[in-house]
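Report on one structure; see the data block that follows.
For this chain, numbers begin at 1 and follow the sequence in order. These numbers come from a predicted model, not from an experiment.
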Amino acid sequence: MTFPGSTILRKTITMILAGGQGERLYPLTTYRSKPSVPFGGKYRIIDFALSNCLNSGFRRIYVLVQYKSDSLNQHLLEAWSIFNPELGEYIYSIPPQRKFNNDWYLGTANAIYQNMNLYNDKKSVNWVLLLSGDHIYKMDYMKMLEYHIDLKADISISCIEVPKDEANRFGIVGVDENHNVNSFIEKPENPPEIPDKPGYSFVNMGIYTFNAQVLRDVFNEMEEQKLKANDFGKDVIPYMVKSKRKVLAYTFLDENKKMKPYWKDIGTIDSYYEASIDLIAVTPEFNMYDYSWPMRTYQYQFPPAKTVSHEGERVGRTLNSLICDGSIVSGGLVERSLLGPNVRVNSFSYVTDSIIMNNCNIGRHARIRRTILDKNIVVPEGYEIGFDLESDRKKFTVTNSGIVVIGKNQILPA
């Protein structure tokens, strides 16, 4: 049976898992969850999944929050209150409410189970689109829904093709020649290959399409059998494969318009830094300048970015950098860096290969290299960061690769 796109949109709800602690991104997650960590100067990580929803036409969205959700809830209100409930559109933040017991969300599947009431109406919800709120990518979810419906799947798993010798770092989906899923393995030493693409394996992207009735039935069956059902990858999907549900792998179709598909789970400081700095490359892997697939976020009412030069050597310069609204480079030099909104770089200062977030002030003669400054940091005059890592380690977080990270609102010690 073929459904028109409008029917699919009306009968699909989107649930975004956005409660992750993001411990490996500390100290950027000291006061916020991983999906609300700033990225790309003006965005937050969750903006990419939400922008995909908007561009795909999906406007019935539940965001499941848990840890340190203040920042995320504020961002959802300020940036994403664009849906009209009168037209059946909405975005709601859903914290754990202990609906069935005294547990918080115990995992990806348990979070969906605890909110079964949101898709329990057989008349209004046929499909559940489940997303992760902490990945960077571009995807048209409607194409996946149409694939799922046309092939009469019970669950479809979006998978990205990764060379086999790199795939052992991920959850791997094993398939037959028709892309029926026959195994689901976390970080295997010898990942199974894709039958029609030798040398490559299917990596689970954490993007699922469920038939709502099947999802309800599976949770009820597992509860009756007293089976653990906290995680989709470890518990629910293996059970569905074992119980002969129709579990299909969907090959990720990238909307990024590059030769190599782009999907990043920026789970560590080093991967976060690398993905961020790539944005300033001449030809970055991730294309933020495709106006046919706009990325949405909160727009601060700041004036345009500005450089100011004075007499002599006080020349305000930004080279190969991304500079957001409200930022002023006054007599300083910024190279290969990202400046968030409302950043001030003062005379004779030097910033290179760094990520400077909102409302930071770089004092005169300060020098900053390979550093991530979270919001609201004041760097005193003449201060140096990133040039003496042994000294920096006594005061700040420094990764093994030498990236210095200074948390939000931190007062810099002498």
With the threshold set at 4.0 Å, does a side-chain nitrogen-carboxylate oxygen contact exist between [X] and [Y]?
X: K228; Y: E223; result: no
X: E390; Y: R393; result: yes
X: K257; Y: D290; result: yes

[X] and [Y] aromatic centres sub-6.0 Å:
X: F83; Y: Y90; answer: no
X: Y300; Y: Y298; answer: yes
X: Y119; Y: F210; answer: no

Are [X] and [Y] side-chain neighbours, meaning at least one heavy-atom pair lies under 4.5 Å?
X: N168; Y: K187; value: no
X: V63; Y: N73; value: no
X: L28; Y: K34; value: no
X: Y273; Y: I372; value: yes
X: Q114; Y: D103; value: yes
X: Y141; Y: C53; value: yes
X: I377; Y: Q410; value: yes
X: V181; Y: L248; value: no

Pairing donors with acceptors under 3.5 angstrom, does anything connect the side chains of [X] and [Y]?
X: N287; Y: N256; value: no
X: H148; Y: T209; value: no
X: N409; Y: K375; value: no
X: S132; Y: D134; value: yes
X: N230; Y: D235; value: no
X: N361; Y: N346; value: yes

Would a distance-only check, ignoring hydrogens and angles, find a side-chain to backbone donor-acceptor pair under 3.5 Å from [X] to [Y]?
X: T12; Y: I8; answer: yes
X: S354; Y: V351; answer: no
X: S337; Y: I355; answer: no
X: D392; Y: G386; answer: yes
X: N102; Y: R98; answer: no
X: S51; Y: M295; answer: no
X: S349; Y: V345; answer: no
X: D374; Y: I406; answer: no
X: T399; Y: I403; answer: yes
X: K68; Y: G20; answer: no

Could you pull out the closest heavy-atom pair between [X] and [Y], with the gap in Å?
X: P95; Y: Y105; answer: O-OH, 3.1 Å
X: P35; Y: G133; answer: CB-O, 3.3 Å
X: V125; Y: A212; answer: O-CB, 3.7 Å
X: M144; Y: S158; answer: CE-N, 3.5 Å

| field | With E161 via side chain to side chain donor-acceptor pair (under 3.5 Å) - residues at least two apart | value | K197

| Step by step, would you call R59 with E89 a salt bridge (charged side-chain N to carboxylate O under 4.0 Å, His left out)? | CA-CA 5 Å; R59 294 167 173 250; E89 307 169 353; 3.7 Å; yes

| query | Looking at L118, L17, V236, which hits side chain to side chain contact (heavy atoms under 4.5 Å, CB included) with I112? | reply | L17

| task | Evaluate the ring planes of F252 and Y137, with Trp represented by its six-membered ring, and classify them as parallel (under 30°), tilted (30 to 60°) or perpendicular (over 60°). | result |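 Answer is perpendicular, since the angle exceeds 60°.
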
| Worked check of side chain to side chain contact (heavy atoms under 4.5 Å, CB included) between L319 and L333 | CA-CA 8 Å; L319 306 176; L333 172 60; 4.0 Å; yes

| message | Enumerate the salt bridge (charged side-chain N to carboxylate O under 4.0 Å, His left out) contacts for residues 296-314, please, sequence neighbours excluded, ordered by first and then second residue. | response | E311-R314

| task | Would you list the pairs meeting salt bridge (charged side-chain N to carboxylate O under 4.0 Å, His left out) in which at least one residue belongs to residues 351-371, sequence neighbours left out? | result |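 Sorted pair list: R336-D353, R367-E384.
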
| said: A cation-pi test, strictly: NZ or CZ of K264 under 6.0 Å from the centre of the six-membered ring of F39 and no more than 45 degrees from its axis. Yes or no? | reply: no

| query | Per the ring pair (Phe, Tyr, Trp, His ring centres under 6.0 Å) rule, which among Y262, F48, W263 passes with H135? | reply | W263

Neighbour count >12 (heavy atoms, 6.0 Å) for atom [atom1], [X]:
X: Y200; atom1: OH; value: no
X: N400; atom1: CG; value: no
X: Y31; atom1: OH; value: no
X: K258; atom1: NZ; value: yes
X: I411; atom1: CD1; value: no

| said: Quick check for you: to the nearest 0.5 Å, what is the distance between I280 atom CD1 and E335 atom CD? | reply: 10.0 Å

| query | To the nearest 0.5 Å, how far apart are CG in N52 and CG in L131? | reply |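 It comes to 8.0 Å.
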
| said: For residues 41-50, which residue pairs pass the side-chain hydrogen bond (donor to acceptor under 3.5 Å, both in side chains) check, not counting sequence neighbours? | reply: K42-Q299, R44-S71, D47-H75, D47-W80, D47-T297

| message | Taking side-chain hydrogen bond (donor to acceptor under 3.5 Å, both in side chains) as the cut-off, I'd like each qualifying pair that reaches into residues 318-330, sequence neighbours left out, listed once. | response | H310-S330

| request: Please step through side chain to side chain contact (heavy atoms under 4.5 Å, CB included) for the pair Q97 and I94, ending with a clear verdict. | output: CA-CA 8 Å; Q97 298 167 70; I94 309 296; 3.6 Å; yes

| task | Begin with the C-alpha distance, continue with both residues' side-chain angles, and end with the deciding distance and a verdict on side-chain hydrogen bond (donor to acceptor under 3.5 Å, both in side chains) for D176 and N182. | result | CA-CA 7 Å; D176 64 18; N182 51 38; 5.3 Å; no

| field | Test log, rule side-chain hydrogen bond (donor to acceptor under 3.5 Å, both in side chains), inputs K164 and N190 | value | CA-CA 8 Å; K164 180 180 177 180; N190 185 28; 3.0 Å; yes

| request: Under the salt bridge (Lys or Arg N to Asp or Glu O under 4.0 Å) rule, collect the residues that match up with R24, sequence neighbours excluded. | output: none

